[in-house]
Structure formats: structure tokens, C-alpha cells
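All remarks here apply to the structure that follows.
Here is how names work: the chains are called A, B, and so on, in the same order as the sequence lines, proteins then strands, and each is numbered from 1.
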There are 2 protein chains.
Amino acid sequence: MTKHFLTERNLKSLRIFCAAAEAGGFSAAERTLALSKASISRHIRDVEEVLGVKLCERGPGGFRLTVSGIAALKQAQIALDALSRIKLEVDEVKGLLSGVIRIGMTEHIINKQYDLPGILRQYAQLAPDVTTDVRVMTFAQINHALRERTIDIAIRGRYEQDHLFHFFPLFEERQRLFVLEGINPQGLPLIYRPHPFVYELLATGHHPKGPSASGLEAVACLIASGCYVGILPETYAAEVWDYGRLVPVQTQDCYVNIVSAIIEKNRPPSAAVELFLQLLQQHSCLTPSSSKR
Amino acid sequence: MTKHFLTERNLKSLRIFCAAAEAGGFSAAERTLALSKASISRHIRDVEEVLGVKLCERGPGGFRLTVSGIAALKQAQIALDALSRIKLEVDEVKGLLSGVIRIGMTEHIINKQYDLPGILRQYAQLAPDVTTDVRVMTFAQINHALRERTIDIAIRGRYEQDHLFHFFPLFEERQRLFVLEGINPQGLPLIYRPHPFVYELLATGHHPKGPSASGLEAVACLIASGCYVGILPETYAAEVWDYGRLVPVQTQDCYVNIVSAIIEKNRPPSAAVELFLQLLQQHSCLTPSSSKR
DNA sequence: GTTTGTTACGATTTACGTAAGAATT
DNA sequence: AATTCTTACGTAAATCGTAACAAAC
């Protein structure tokens, strides 16, 4: 009994055997393989030893495959073909998953219930050849950028129906009206920022329009001054607790919206975008498709 | 740019990559592969270099395949599977084409129009694991051996219909009544041997029954004595010309029969017999299936 | 004599393990 | 501190080509 299994070392010998069979002899294969007859002879002898059969008759009288040799040749070609296909397959995946993915998002997407940094890390690991470009933008900038296609995918709250976009719900965000602790919010000016909830509250007339603020931190600063009320995400207000005692105005309802991944409807998503979308949805707390891996 | 193609050396690395992916890390694969981490690391680095992609993220943080890695893993498993199947395939063929093939034949099957030695040589090359057993037998012995299954296949002339046997025509053999040159054959005793043509001629009563002979050479000797007539194949009579002037008796018709390969009908032929039969028929001058190789 | 494949031997190449280093948990 | 992977280096093994040999045409 010799060795029982073929290894990749034997595959080399099999490749040489295939070449010899196609060339019709060792001397002819010598040129195509750029290998000495001695080596070819050894290789074929090794395979025959492992397989326990004679693969071919050879000698000055000519070259002829045995029945076993024909079977071995056929199977070896399948293996070699599969081997050569690996690179093609990988190249295809590599080609699809390369380039740039441009992500636009509003502030404060990062929070404890949705691990966007973790998703980005996972994405970078899964598709290391894709350059990821992430930028924080305002609500209006995001819509413009999506239409202009200067970003590929957006992450923001969904407030309106828009037939131009596809929405993929990710998690729920709750915003409330906040005021400095101990201050009576009644009639205080509302800090203005371009956001649907601000518009909505101003429309009620309960609060006059106050100073404009750009960015959640600016809003928080102005609220903490005690002169204004402002709308903030609950989780963000909790985070900036240390800077001042921001408390929700109890008389006011909670604004709930669904933070979603958004792509333009008329634009077929690239493989890179599709993979990112898939990861985002896998981590979603809303869809039932929240499986692991 | 690095190397463009995967070779069998890389397949070894791919097998190690597969094992690492299944084990879920290098340290775990270390045991299953009986290989040091250092080697595993090198192997996977090499494959990544050839493929130009990162196959997996690894580190103290854990092990995770990239999308390219998943594709590579899948294809590599196909190649490895094909490789492992080679031995199974060859073993099957080897198992079928081994053992003994027992061939019974009459005298003088070898002649210029049918190259039986060449067929036997080709058979030995195609199926080197089959032990070939060839024996010359008389007509009666062949029939008996076929029925008793002490031979697997016979080669002899076909004179009768026999529902117990399958006949595969190979070539035409012509036999005639011969006499020594210058001798009047009329009324001379016919050399007896157990053969249908002898029985047939004796039944006509033109010649009395002469001495018994065993073997064509014995018949030729007796004819050359000038005292008898005898039936011989034309080609054989031509070969022994030098031993004496044997000439055909012109008044007598030529006996024609079809030399055939014969197997017992109720016995399914083994793969070894089937292959031999196939070779015999390939060289046949009678059937239209006489193609090359 | 020429062609074809096999075996022997020395030189190069390759691969492995040990051990030390770097990075993460 | 413990784990996981990577890199460096010396040693062991496999592979190749040259060359001598045997066999068939």
C-alpha cells in the first residue's frame, strides 16, 4: 500500500501528465512544458504509484493512454479547470466590489441602538477594495446630493413620502422639545434649524421662531442658555446632560421618525452599495430580517 | 502586477485557507492541519498576493471572510473535490479492468489480414492490470470450454447456428482441399480431423476416410507424403509451400467460413471481456465499424 | 544510429518549525 | 497578561537538470 490520497503535489504531476497526453509523448511535452524528460518521467511515475495503475504506455514504440489513463486525464482536467476558474471568479467579485461608495448622513446617526461604526468596520473587512466616503450633511443637502448623485446612499430620518427615493427602515429615533431645567418653557422662542419637526412645531404657534442654529451641538448650547426651547433627539440630549440640565417639555408630544437608508429610485445600486445596504438592514431593529453574520 | 495564474502550489495554499476558514482561525487550524501558524500565515498571504484580494480579516479580534474570500473558498472547494475524485474514478475503472481474461482459439487465427498479436498488444497496453490467458484448442474443446466457462471468449470459425453463443464476425477464412503437386487426388483418402468441412466432404463419399491428424502441420505433412488429400486454410497452405508443393484440388469448391469472436449467451461479459471484444471488432474487416482508435 | 524513456547524482530552490516581534483584547 | 497573527532565520526536504543507461525502431 502506498499513499491513499491525491494532494496538490500530485496535481502538478497530473498537469504534466495531461500535457504529455496532449503532446503525445514526453519528448514533445518537453518543449511545451519547458521541463526535462527526466522530470516528466518521475512525475508520471509518482502519479501511477499513488493511483496504483499504469496511466499510459510509452516508449520508442509510441505513446498510448490506458483506459485508466483516459479516466484520470478526464478528471484531472476537471480539477485543473476548477483551479483556473478560481481567479476568474474572484476577479469578478473583486471588480464588482471596488471603487467608491459615498454615504451621506445626518448628525447623530450613531447611537447605542444602532452600531453604524461596527457596520462600517464590517463593510471595510468584507469589501476591502471599496473606498468608503462618509460625510455628515444637512437634511436639505442630503436630498440634493441624492438627486445630483453626488452620494450613493443616505442615512437620515424619513419624514415624507418621496416617490424619487427608496427607503429602507433601520431604527426608530425619538425627538422631543427640550428646555433648561427649572425654566418655564411656555412661550419661549424655538431654536430654528431646517428640520421637519421644527417646521411642524412652529406651525402650531405655541413658540415664536428663535435664533437659527446649525448642528445639534449649537441647539444644545442655546437651550442650555435657558433663553430658548429646542428640539433634540432624546439620546443626544441624554449625552449632553453634563453640559446642562436639559429636560423634555412634558406637555409636548414625542416626535418619532424612522431613520432609513435611502437610495435614488431610478439608479440601479452597484454591488458595493447593495452589500452596504444589506449590512445596514441586517443590523436593523425594525425589519424581521435581523439575523446574525 | 504579480503572477497571473494559480498553480497547484497555490492550491495547497488554498486548501490551507479552506481549513482555516472552516476552523475559524489560524490557531484552530494549526491542530487540524498539523502545521505551524507561521506556515499558515505565509500560505494565505501568498494566495492573497496572487489573487490580488484580501481573503479574510484575521487578528486577535477574530476571523472573518471577505466577500472575495467567500467566492474563493467556494471555488477552491470545487477544485479540491475534483482532485479527490480522481482516485475514486480511477479505482473504479481499475476495479472493472482487472482480473483474468481467458481466450480460447483455434489454430491459424494469426494471418496477414487479421493482426491478432497487435490487438493483444494494444489490449495489454490499454488494460495492463488484466492478466491475459490465451490457449490454442480444438473446435470441440472450444465449445466445451465455452459452455463450462473455463474460457471467457473464443475465436474460431462459425460453421453452425448455435443459440447458446453470441457470434461477432471478424474476418473471412477460406479452406480448400489440397494435394501434393503432380498427384492425382481422385479417390485418395481424406486426412481426418474433427472439423465441419471434413465431415462435409466425407459425407459426399468422393474420398474414403484416411489417417487422423491433430493439428494443421500434421495434415500438411501427410498431404506432402503424396498418399492423401487434406483440407487446409489457403493462407496456411501458402505458408508451408516450402515443405512441399501443395496445390488445391481444382474440382473441389472453396469452403468459406467466418472467423468470429464467440461468447456464451447467458453470461454477461465483464468489462475486461467487453473491451477485448471491442478491440477485436475494431480490427474486423467485415463490419462497417472498422474505424481507427 | 537514432529516438524514447528511465535511473543516479549534485545543485538549487522551496517549505517548515522555532523563536522573536507587533497588535489587539 | 493572554491571544492571535506576522516576520526572520537556520535546517530539512523536494525538485530540477545533466548525464549515463537501456530498449525499441
Side-chain angles (χ1 to χ4, degrees), chain A residues 2-3 5-50 54-66 69 115 117-118 121-122 124-125 128, chain B residues 2-3 6-50 54-66 69 115 117-118 120-122 124-125 128:
Chain A
T2 55
K3 293 156 194 172
F5 295 106
L6 286 175
T7 69
E8 39 295 322
R9 183 154 299 160
N10 300 120
L11 182 61
K12 178 171 194 177
S13 302
L14 279 164
R15 161 171 276 156
I16 289 166
F17 165 64
C18 290
E22 283 164 19
F26 293 3
S27 296
E30 213 172 355
R31 288 179 285 277
T32 55
L33 286 170
L35 213 65
S36 68
K37 272 194 289 282
S39 236
I40 298 173
S41 174
R42 272 192 303 262
H43 278 291
I44 293 188
R45 183 172 54 75
D46 289 349
V47 181
E48 287 180 333
E49 205 166 296
V50 175
K54 225 177 173 185
L55 292 175
C56 55
E57 284 292 329
R58 61 256 191 202
F63 182 94
R64 170 160 258 152
L65 291 173
T66 66
D115 180 27
R121 183 188 339 114
Q122 195 180 342
Q125 288 177 357
Chain B
T2 54
K3 291 155 194 172
L6 286 176
T7 70
E8 41 291 328
R9 183 167 302 160
N10 296 318
L11 182 60
K12 179 172 195 176
S13 302
L14 279 164
R15 160 172 276 156
I16 288 165
F17 164 66
C18 291
E22 284 164 19
F26 292 4
S27 296
E30 212 173 356
R31 287 178 286 278
T32 55
L33 285 171
L35 213 66
S36 69
K37 272 194 288 285
S39 237
I40 298 173
S41 175
R42 272 192 302 261
H43 277 292
I44 293 189
R45 184 173 54 74
D46 289 349
V47 181
E48 287 180 332
E49 205 166 296
V50 174
K54 224 177 175 184
L55 292 175
C56 53
E57 284 293 328
R58 61 253 190 204
F63 183 94
R64 170 161 258 152
L65 290 173
T66 66
D115 180 27
L120 286 170
R121 184 189 336 115
Q122 194 179 342
Q125 289 177 357

Exercise for review: May I have the distance from A:Gln125 (atom CD) to C:dT24 (atom P), rounded to whole angstrom?
Suggested key: 12 Å
Check your understanding: Is A:Arg58 reaching over with its side chain to a backbone N or O of A:Cys56, donor-acceptor style, under 3.5 angstrom?
Key -> yes
Review point. Is the phosphate of D:dC16, meaning OP1 or OP2, less than 4.0 Å from a side-chain N or O of A:His43?
Key: yes
Check your understanding: Does the A:Glu48 side chain pair with the main chain of A:Leu55, one donor and one acceptor, at a distance under 3.5 Å?
Key -> yes
**Study point:** Side-chain N,O (A:Ser39) to OP1/OP2 (D:dT15) below 4.0 Å
**Key:** no
**Study point:** Interatomic distance where CZ belongs to A:Arg9 and P belongs to C:dT13 [whole Å]
**Key:** 18 Å
Exercise for review: Could you tell me whether A:Glu8 and A:Lys12 make a salt bridge, using a distance below 4.0 angstrom between a side-chain N and a carboxylate O?
Suggested key: no
Point to revise | Interatomic distance where CD belongs to B:Glu8 and C1' belongs to C:dT14 [whole Å] | key: 14 Å
Review point. Between C:dA15 atom P and B:Ile44 atom CD1, what is the distance in whole Å?
Key: 15 Å
Check your understanding: With a 4.0 Å cut-off, would you call A:Glu57 and A:Arg64 a salt bridge?
Key -> no
Point to revise | B:Ser41 side-chain N/O to D:dT7 phosphate OP1/OP2 under 4.0 Å | key: no
Study note, to complete from the structure: Between CG of A:Leu33 and P of D:dC16 the distance, given in whole Å, is 10 Å
Point to revise | Distance test, side-chain N/O of A:Arg45 to OP1/OP2 of C:dG5, below 4.0 Å | key: no
Check your understanding: Would you say A:Arg58 reaches C:dT6's phosphate, i.e. side-chain N/O to OP1/OP2 under 4.0 Å?
Key -> yes
Review point. Has the side chain of A:Arg42 got a donor or acceptor atom sitting under 3.5 Å from an opposite partner on the base of D:dG17?
Key: yes
Exercise for review: Name the nucleic acid region contacted by B:Ser27, choosing base, sugar-phosphate or nothing; use a 4.0 angstrom heavy-atom cut-off, strictly under.
Suggested key: sugar-phosphate
Check your understanding: Do A:Thr66 side-chain atoms and A:Lys54 backbone N/O form a donor-acceptor pair below 3.5 Å?
Key -> yes
Review point. Rounding to a whole Å, what distance do you find between A:Ile16:CD1 and D:dA14:P?
Key: 16 Å
Practice item. Provide, to the nearest angstrom, the distance between the CD atom belonging to A:Glu30 and the C1' atom belonging to C:dT6. Key: 13 Å
Review point. Is A:Lys37 near enough to D:dA19 that one of its side-chain N or O atoms lies under 4.0 angstrom from OP1 or OP2?
Key: no
**Study point:** Nearest-Å distance for atom pair CG/C1', residues B:Leu35 and D:dC5
**Key:** 14 Å
Review point. Which of the following nucleotides, C:dA15, D:dT3, D:dG17, is nearest to the side chain of B:Pro60?
Key: D:dT3
Review point. Heavy atoms under 4.0 Å, any strand shown: does A:Ala20 hit a base, just sugar-phosphate, or nothing?
Key: nothing
Review point. Base, sugar-phosphate alone, or nothing: which one does B:Gly25 contact when heavy atoms must sit under 4.0 Å apart?
Key: sugar-phosphate
